[in-house]
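Read through the structure below, which is laid out as structure tokens, and then see the notes.
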Number of protein chains: 2
Amino acid sequence: MKKLEIPTPKLNAEAPAARQIYSHLRSLIIVNTLQPGMRLSENDLAARYEVSRQPVREALTHLEHDGLLEIKPQRGSFIRKISVPNLEGICFVRCAIESQAILESVSLSPQDFSLIIKGMESNLNAQRALSGPTLREDFLRLDDDFHRIICSFARNDLPWELIQSVKANMDRIRFFTIEGVSRLENLIAAHAAVLEGIRTHNVFLAVGMLKEHLYEILSTYKMVMAENADWFD
Amino acid sequence: MKKLEIPTPKLNAEAPAARQIYSHLRSLIIVNTLQPGMRLSENDLAARYEVSRQPVREALTHLEHDGLLEIKPQRGSFIRKISVPNLEGICFVRCAIESQAILESVSLSPQDFSLIIKGMESNLNAQRALSGPTLREDFLRLDDDFHRIICSFARNDLPWELIQSVKANMDRIRFFTIEGVSRLENLIAAHAAVLEGIRTHNVFLAVGMLKEHLYEILSTYKMVMAENADWFD
DNA sequence: GGATCAAAACTTGGATACAAGTTTTGCAGT
DNA sequence: ACTGCAAAACTTGTATCCAAGTTTTGATCC
């Protein structure tokens, strides 16, 4: 087996090494630089990061806990392949939590309500103004922020934290399916519809649009699957 | 500081040590044998389980990931105190996910639907038949199973897995608030009401009763707080 | 050339040793 | 008895070494 080249194994000295390695590997997995099925070697990673196996090992067990890695004892550590049932589960959970957050919006004080609405509007404007070479990354960041704001209706940190921890497997797909400008316009339109539903206190409309928006990824993952069948179970 | 005595640090040889230690410590935390604020020493635990610090350390980092432990570098590892906002977040997320699952029940095939209803009925009967010295533990197990069945309406494993991973901080309270038989009867009545709503396809009733049931713990945690104020932030 | 089998080189799991920093402790001085 | 300070005993973070098992490799035999 040929050695695989991961881009920039840089390391900072003033933070715990294990956590840095974890974050770095996690982001590499999400953008599919480390592709499903690949094998990671603790020794190899330790050499690249210029640390011992101990912090690498800790990072890998955390990735396994997140469902992004599968550690087979005495055999190797492999980037988990994408599971369609898992994708469906993520959509379900996101839809459940964000819908509940939208339901909470009606019982918010007018001040708090309009403040959040303001945030969503400015985010939406930023989405519409997007252009340039880093368009895809920029949109994903704004999209994350849009849904984070939705969760803020719950006035609690846990909902969004939970979505973030679960979202990684969905992001691996999203990074590929968001390409054409036309698709991007559709996504922005969906966001606008959700916002309009919330603003007019039409939660049925808002939740309906949100569900359609969140489940849309399930109708696009087959695009990725067609070209990379070996990335899936 | 006096040495604290944890009950039975037994260990099995045919499973990974780290996972066993993790499970054991986690259950000890949930039943409050390891109380909020207590300090755990890696060396001490390693001696008790008769292993090296390596698997102990892995177990502790996983407990930290679950929010049950706080590892302060070069200072010690402490059982996390109970956070009321965190409790509220757990209630919110559980309510969101289980409500969404109940919503899915209306679009299930009659065969699948009646099969799940059967399971809930037999579980409810078991709850009503409870008695004996291990009543509290038995009820908590049946209660968990009841809500797991609710999640099965989603026909996906992730929702219940996620609830399980988040539920630990709620269980620490539940173990204390479920004491009197009268309270237990109230909880069983709530379960029955939820089931009745689902069976009659009255999802509004079911979701309403479920929300009331899940949020009930927020009105009882003050009982625990009154006697153990130092267990909370 | 192809198949078989043994040895070597890999994998992770665990134990031990050392490093850096914090807390406690105990002795000395008042 | 009380205060102050230094040393010892703790804490976790990391490195290194050994063990057990799997995979690959390469030589040998047909």
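Lettering of chains follows the sequences in order, A, B, ..., and the numbering in each one begins at 1.
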Find the distance A:Gln54:CD to D:dT16:P and express it as a whole number of Å.
12 Å

Would you kindly compare A:Pro73 and A:Pro55 by the position of their nearest DNA chain D nucleotide and give the one closer to the 5′ end?
A:Pro55

Atom CD of B:Glu50 and atom P of C:dA15: how far apart are they, to the nearest Å?
11 Å

Here the pair of heavy atoms bringing A:Ile163 nearest to A:Cys151 is CD1-SG, 3.7 Å

From CD of A:Glu58 over to P of D:dT12, roughly how many Å is that when rounded to an integer?
12 Å

A:Ser52 side chain N/O closer than 4.0 Å to the phosphate oxygens (OP1, OP2) of D:dA15?
yes

Whether the side chain of B:Arg53 and the base of C:dG14 hold a donor-acceptor pair under 3.5 Å is what I'd like checked.
no

Could you tell me how far apart B:Ile71 (CD1) and C:dT22 (P) are, to the nearest whole angstrom?
17 Å

side-chain contact (heavy atoms from CB on, under 4.5 Å) with A:Gln54: which residues, sequence neighbours excluded?
A:Ser52, B:Gln54, B:Arg57

Please tell me if B:Ser77 has a side-chain N or O lying less than 4.0 Å from either OP1 or OP2 of D:dT11.
no

Under 4.0 angstrom between B:Asn43 side-chain N/O and D:dT11 OP1 or OP2:
yes

Could you check how far CZ of A:Arg39 sits from C1' of C:dC10, rounded to whole Å?
8 Å

Measure from the side-chain N and O atoms of A:Asp171 to the backbone N and O of A:Ile30, and report whether any donor-acceptor pair falls under 3.5 Å.
no

Rounded interatomic separation in angstrom, taking CD from A:Glu42 and P from C:dT11
9 Å

For the residue pair B:Asn169 and B:Gly67, what are the closest heavy atoms and their distance?
ND2-O, 3.7 Å

Rounded to the nearest angstrom, tell me the gap between atom CZ in A:Arg19 and atom P in D:dT14.
11 Å

Atom pair distance, as rounded to whole Å: CZ in B:Arg57 and P in D:dT12
8 Å

Quick one: does A:Gln74 reach the base of C:dT11 with a side-chain donor-acceptor pair under 3.5 Å?
no

List the atom of A:Leu214, the atom of A:Cys91, and the distance in Å for their closest heavy-atom pair.
O-SG, 3.6 Å

